[in-house]
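Structure record follows, encoded as structure tokens.
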There are 2 protein chains.
Amino acid sequence: MSKRKANTRQRRGSAQPTLAQVAELAGVSSITASRALNDPERVNAATRQRILDAMERIGYVPNLVAGSLASARSRFIAVVVPSLANAVFIEVIQGLQATFEAAGYQILLGNTDYDIEREHQLVRTFLGWSCSALVTAGLRHTPACRELLAGCDRPVMEVMELGEALDLNVGLDHEEAGSCMARHLLQRGYRDIVYVGARMGEDYRAAMRYAGHRAALEAAGLAPHLLELDRLGSLEAGAEGLERVREQFPDAKAIHFANDDLATGALLHALRLGMRVPEEIAIAGFNGLPLGQHVTPRLTTIQSSRHTMGRLAAEQVLRCLAGEEVEARRQDVGFTLLEGEST
Amino acid sequence: MSKRKANTRQRRGSAQPTLAQVAELAGVSSITASRALNDPERVNAATRQRILDAMERIGYVPNLVAGSLASARSRFIAVVVPSLANAVFIEVIQGLQATFEAAGYQILLGNTDYDIEREHQLVRTFLGWSCSALVTAGLRHTPACRELLAGCDRPVMEVMELGEALDLNVGLDHEEAGSCMARHLLQRGYRDIVYVGARMGEDYRAAMRYAGHRAALEAAGLAPHLLELDRLGSLEAGAEGLERVREQFPDAKAIHFANDDLATGALLHALRLGMRVPEEIAIAGFNGLPLGQHVTPRLTTIQSSRHTMGRLAAEQVLRCLAGEEVEARRQDVGFTLLEGEST
DNA sequence: CGCTAACATGTTAGCGCTACCATTCTTGTA
DNA sequence: TACAAGAATGGTAGCGCTAACATGTTAGCG
């Protein structure tokens, strides 16, 4: 009895077929079966086919968890963004995903809800999954998170804005973009200009654009005006922004919105109210979302190429992972002023 | 020398601190350190604190890959959607993510690009990651994929539409929704109605709505008209749809678009052309995106609660994972007709 | 004071795979 | 013919963690 008992220890594990079973069926060792999947060149073609047939036959699904543990690397790329509600991040994610998936990497998506503590938490989790690289939206992290990111021996890519990056960096200069739009408004002859942002403490890139806007106005000898909404950018919030500008800044002739959602919301609201744009009020945005180009008048905005940003970022990371030397660790994707009829 | 050599076999693994190191520092065994993280109640409070301090001190990051292998379960939920370009899926993902992340699960996101072979591939990969559950958009899979999904001993949730599901199912009846909108148009007195879809072979839910639309028209003794665009839904495509309807169906008085992107694109294009909506042409959509409610006239559409769909789906899955008995394996989230001024 | 139950902690043995090194078998070359 | 170089395959030992079982330790009870 006791002898039996000693052997009775329950087996764990799923009932899934394993590589060892495949190997046995194919009459090879498990390492050869492993190679047939991961390094096919190193296995004789006939043997390989026998192994693949065996896999097919017993319905083998590779246990990637075991593989990652053994090889100390996964084919995960961690992607951390502050929000999924914002089309901008979605487009960056699309660019990343298309490129990474094509290279056989899987995206691990994390959403911080604009909370850098949450970001730190997510980074820890993702590192725990032995992700091959990390992509974060933005350069602002908690000190502990910076330390984690700097200390992990994997490529770290920071996208969206340019600056003092930890490793790789693809983005655009938001201050410059804000300044560009402000100069455009000045050039069009507007003097009473209000900048409208939404939760700029969280969306600090909007605050960076405001800084550029402000600098441009001050350079022209004008006082900047700021209105901040206590809600995230949306069409609805844009409508509210327009209303509040009319109350608080009755002389305003132009509104520079922090993004296209706000700007388009305001534009549609103005049309709904029967206001003439840009005669009564000029409206400008940022992002270059398709929506703004389909309304009449078309929205004046700044086009940022988010899909390209994602693609470039992914390509850089892949280059690093392939061991290639990456010369330009910082890439500026730039932006374009789209002059619509709304200004 | 040879003795040395025997021991020289290179160690693999990262230089990351391990649980064993934490345990040694805290003066406990590694299983106790493991419990301090995964089952804190079972460890004495003072001991636990000592362990947590040790982790903090040496910067321990749990290796989740190893943990998953040992326990044969990960805290991943696989989510497979056909597209990230469509706001609808994004909103479902948001609902899923908020709920799953709050419960400590991580989303593994896959994008099939409307290719069910790709879906099969992704499902295999995700199963290989020992995901705790799978969520797929839709009920259509390759036979092999169905088999995989049916055979894995994990909760499988199919969202978006209702029907013959493998396991759990949360969605709405698209045929009924299409029929509802068609009846609305008939009730408003429109007789010459065209349904405009975009790539309905891929977006088969749009085809289901057309089936409902068609049935309603035929029930009223009217012939259905269909125009299919060879591109995915977008504002741009909607504008094209309007143009093509005017060419091919000059008598059309109402257009029932497969979704709000198309409908809003058409609506904005009509306004741009100076057409009066709904007097010259009535326009209806599907989804209830915010955009449609901010244009003038407001878009008549069908509101589907995508965030709720995601949340409900996640809650059901979590209930299953917690071992609770789930009574309603199929949940209908329904829809609401939003009567705007565009019809 | 002995006994039980509940708590706290430890020992052991893998989870399924791949890195490392070793071995066998070809093939080409001097 | 001997030998080097390469191709194909295998044996072994973990990767870092946790399930299962085992043991020690304390409190409560009659």
Side-chain angles (χ1 to χ4, degrees), chain A residues 2 4-24 26-51 55 58 60-75 127-130, chain B residues 2 4-24 26-51 55 58 60-75 127-130:
Chain A
S2 70
R4 230 184 99 74
K5 195 167 168 224
N7 269 346
T8 309
R9 191 153 181 161
Q10 284 299 328
R11 281 296 180 76
R12 277 89 51 75
S14 49
Q16 294 291 324
T18 69
L19 244 201
Q21 290 169 33
V22 169
E24 190 178 358
V28 296
S29 72
S30 56
I31 185 69
T32 304
S34 168
R35 281 197 276 255
L37 280 181
N38 301 318
D39 200 358
E41 304 299 300
R42 283 170 50 87
V43 177
N44 179 288
T47 313
R48 184 167 67 234
Q49 195 52 54
R50 220 167 58 239
I51 294 169
M55 288 179 174
I58 64 176
Y60 173 71
V61 177
N63 184 327
L64 301 172
V65 177
S68 291
L69 180 59
S71 65
R73 55 197 168 64
S74 72
R75 295 190 70 84
L127 286 175
W129 280 110
S130 304
Chain B
S2 72
R4 230 183 98 76
K5 193 168 169 228
N7 270 346
T8 308
R9 191 153 181 165
Q10 283 302 326
R11 281 295 180 77
R12 278 88 53 73
S14 49
Q16 292 292 322
T18 70
L19 244 201
Q21 289 168 35
V22 169
E24 189 177 1
V28 296
S29 72
S30 57
I31 187 70
T32 304
S34 169
R35 281 198 274 255
L37 281 181
N38 301 318
D39 199 359
E41 304 299 301
R42 283 170 50 88
V43 177
N44 178 286
T47 312
R48 183 168 65 234
Q49 195 52 55
R50 219 167 59 238
I51 294 169
M55 288 178 174
I58 64 175
Y60 172 69
V61 177
N63 184 326
L64 301 172
V65 177
S68 290
L69 180 60
S71 65
R73 57 198 164 63
S74 73
R75 295 191 68 84
L127 286 174
W129 281 109
S130 304

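Sequence lines set the chain letters: A, B, ... in the order given, protein chains first and strands last, and positions in each chain run from 1.
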note = Minimal heavy-atom distance between Tyr60(B) and Pro17(B), with the atoms involved, is CD1-O, 3.5 Å

key: Heavy atoms from other residues, nucleotides or ligands near CZ of Arg73(B) exceed 12 (cutoff 6.0 Å)   = no

Distances under 3.5 Å only, N/O to N/O: pair up the protein atoms with those of nucleotides 6-9 of chain C.
from, atom 1, to, atom 2, distance (Å)
dT9(C), OP1, Thr47(B), OG1, 2.8
dT9(C), OP2, Asn44(B), N, 3.0

request  = Name the pairing partner of dG30(D), where a pair is Watson-Crick or G-U wobble with both distances under 3.5 Å, or state none.
outcome  = dC1(C)

query = Is the distance from OP1 or OP2 of dG16(C) to the nearest side-chain N or O of Thr18(A) less than 4.0 Å?
reply = no

note = To the nearest angstrom, the CG-P distance between Asp39(B) and dT18(D) comes to 11 Å

request  = Would you kindly give the CH2-to-P distance between Trp129(A) and dC17(D), to the nearest whole Å?
outcome  = 13 Å

query = Quick one: Leu64(B) CG to dG16(D) P, roughly how many Å, whole number?
reply = 13 Å

query = Taking for each residue the nucleotide of DNA chain C bearing the nearest heavy atom, is the 5' side occupied by Ala66(B) or by Ser30(B)?
reply = Ser30(B)

key: Given dT18(C), dT18(D), dG16(C), the nucleotide with the shortest approach to the side chain of Ser34(A)   = dT18(C)

message = In this structure, how many angstroms lie between the P atom of dG16(D) and the CE atom of Met55(B), rounded?
response = 15 Å

task = Give the rounded distance in Å between these two atoms: CG of Leu127(B) and P of dG16(C).
result = 15 Å

query = Taking atom OG of Ser30(B) and atom CD of Glu24(B), what is their separation to the nearest 0.5 Å?
reply = 11.0 Å

request  = Establish, with yes or no, whether the OP1 or OP2 oxygen of dT18(C) is under 4.0 angstrom from a side-chain nitrogen or oxygen of Asn38(A).
outcome  = yes

key: Distance, rounded to the nearest Å, where Leu69(A) contributes CG and dG14(C) contributes P   = 17 Å

note = dist Arg42(B):CZ -> Ser34(B):OG (nearest 0.5 Å) comes out at 10.5 Å

query = Asn63(A) and Leu69(B): which non-hydrogen atoms are nearest, and at how many Å?
reply = ND2-CD1, 4.3 Å

task = Please state how far atom CD in Glu24(A) lies from atom C1' in dG10(D), giving the value in whole angstrom units.
result = 15 Å

key: Arg48(B): side-chain contact (heavy atoms from CB on, under 4.5 Å) partners, not counting sequence neighbours   = Ala36(B), Pro40(B), Val43(B), Ala45(B), Leu52(B)

ask   = When the distance from CG of Asn63(A) to P of dC15(D) is rounded to whole Å, what number comes out?
value = 18 Å

inquiry  = Counting only Watson-Crick pairs (N1-N3 plus N6-O4 or O6-N4) and G-U wobbles (N1-O2, O6-N3), all under 3.5 Å, who is the partner of dG16(C)?
reply    = dC15(D)

ask   = Does any non-hydrogen side-chain atom of Met55(A) lie less than 4.5 Å from one of Leu37(A)?
value = yes

